[in-house]
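Notes to accompany the following structure.
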Amino acid sequence: MPPSEAVPGAGGLSSLGTGFTPSMLTASYYPEQGWGAVAIVPRGPLQLDPATMALHYGQAVFDGVRAFRQVDGSWALFRAESYAERLRQSCDRMAIPPLAVDQMVALWRSFVAHETASGELDEDSFYLRPLIFGCDPVFGDRPSTCYQLVVLGVRLPAVRRPPLRVLVTDRFVRAAPGGVGAAKVPGNYGAGMLARKVAQDNGCDQVLWLDAGRRRWVEELGSMNVMFVLSGVVVTPPVTDTILAGVTRDSLLSIARHEGIECEERPIALEEITAAVGWKGLDEAFACSTAAQVVSIASLQVADRRLELPPETPVADRLHRLLAEVEQGRRSAPGGWLTRVQLPD
Ligand SMILES: Cc1ncc(COP(=O)(O)O)c(C=O)c1O
């Protein structure tokens, strides 16, 4: 494996980078035993048969959850149960035997405790990436019988990312009804790479996907949900089976409503947005995800038109700040949002 610094493009605007924490958690599933053999070991290459079925047929799921240092110096996972439940649902969709939500959360807690125990983690937050994949070494289009779980950690400082330039594509689609758009599966991202490259070639950072049928309804970005502020109202598409139900999206809606900001979850036609840019009804637009938190959108490229969006983003700024306060335990969170991590004695 090349050293982290040698990975081209690592650490870019859309990347989580390669600031891995020192260890990884592994577990295995065998039909007779179920999930077991949990271990936390130094991070390093996995030994895989080249016929490992996930590499060929894509039977794999992952997720991304974050741990934050709290004001009192302790660590907590943010909305761990929501992420574990989404991972369980992704497993169901991909015919992978899931771990129970409380089992998964317990593994994440022990991993965070392990990685933070030495006190060497300078950052105030790190990202956990659980990945589960079918590992039968077999060519065949049928579910694997054995699976492996790997949990990696990536150091992630809580900094605000620069505004995004977004390409709206009607040439490619990300997800179709009945497909896997609502699951967090590697194939969704692989299928989006060409659109992502086209975006880069056009001076953009991200793709905004439209619905597969009419290519009219706004869905989400490649790895973030999208929100618009239209005449003071936060508007975002409803979650369907073609959109990933972002936990950050849900947290922001909940925080915004608690703050008295009006929010609507409803279908948004692309022409509603382009028209609103014209008559100034679009106050701001932003994207949200666990890794990026809240990122303003600077421009939308629609066919050969580049629509510049308002540079001031007070709603996004405020929601970003409030979310950070909740994550760090500086503002009260709804019950169950913070899962404290007990350090080993
Ligand atoms: C396709 C997609 N949509 C939305 C999101 C945002 O989800 P979350 O806020 O749970 O990270 C992500 C990131 O995980 C994603 O990959």
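Here, residue 1 is the first one in the sequence, and each next residue gets the next number. Both counts, for ligands and for their atoms, begin at 1 and track the order of listing.
For atom 14 (O) of ligand 1, the nearest non-hydrogen atom of the protein is K184 NZ, 2.6 Å. When hydrogens are left out, the protein atom nearest atom 16 (O) of ligand 1 is Y189 OH, 2.4 Å; that is the closest non-hydrogen contact. For atom 7 (O) of ligand 1, the closest non-hydrogen atom of the protein is G246 CA, 3.3 Å. When hydrogens are left out, the protein atom nearest atom 11 (O) of ligand 1 is T290 OG1, 2.6 Å; that is the closest non-hydrogen contact.
At under 3.5 Å, a nitrogen or oxygen of T248, whether backbone or side chain, sits near a nitrogen or oxygen of ligand 1. Checked against a 3.5 angstrom limit, the closest N/O atoms of V247 and ligand 1 fall inside it. Inclusion of E220 in the set of residues having an N or O under 3.5 Å from an N or O of ligand 1 is warranted. By the 3.5 Å distance cut-off applied to N or O atoms, R174 is not counted among the residues near ligand 1.
The residue from G181, S289, S223 that puts a heavy atom closest to atom 12 (C) of ligand 1 is S223.
Heavy atoms of M224 found under 4.0 angstrom from ligand 1 belong exclusively to the backbone.
Using a 4.0 Å cut-off to heavy atoms of R86, the atoms of ligand 1 that qualify are 7 (O), 8 (P), 10 (O). The L244 neighbourhood of ligand 1 comprises atoms 2 (C), 3 (N), 4 (C), 5 (C), 7 (O), 12 (C), 14 (O), 15 (C), with distances under 4.0 Å to a heavy atom of that residue.
In summary, D170 and R216 do not engage in a salt bridge, as defined by a charged side-chain N under 4.0 Å from a carboxylate O. Salt-bridge formation is detected for the pair D72/R340: a Lys NZ or Arg NE/NH1/NH2 atom is positioned less than 4.0 Å from an Asp or Glu carboxylate oxygen. Residues R321 and D317 are not paired through a salt bridge, judged by the lack of any N-O separation under 4.0 Å between the basic side chain and the carboxylate. For D250 and R79, the salt-bridge test passes: some basic side-chain N is under 4.0 Å from an acidic carboxylate O. A salt bridge links R318 with E259: the distance from a Lys NZ or Arg NE/NH1/NH2 to an Asp or Glu carboxylate oxygen falls below 4.0 Å. A salt bridge is defined here as a Lys NZ or Arg NE, NH1 or NH2 lying under 4.0 Å from an Asp or Glu carboxylate O, and K197 with D201 meets this definition.
Ring orientation note: the planes of F62 and Y189 are tilted relative to one another, at an angle of 30° to 60°.
With no hydrogens or angles considered, no side-chain donor-acceptor pair links Y83 and K184 at under 3.5 Å.
Within the 4.0 Å heavy-atom cutoff, G222 counts among the residues contacting ligand 1.
In this structure, the side chains of W35 and I132 come closer than 4.5 Å at one or more pairs of heavy atoms.
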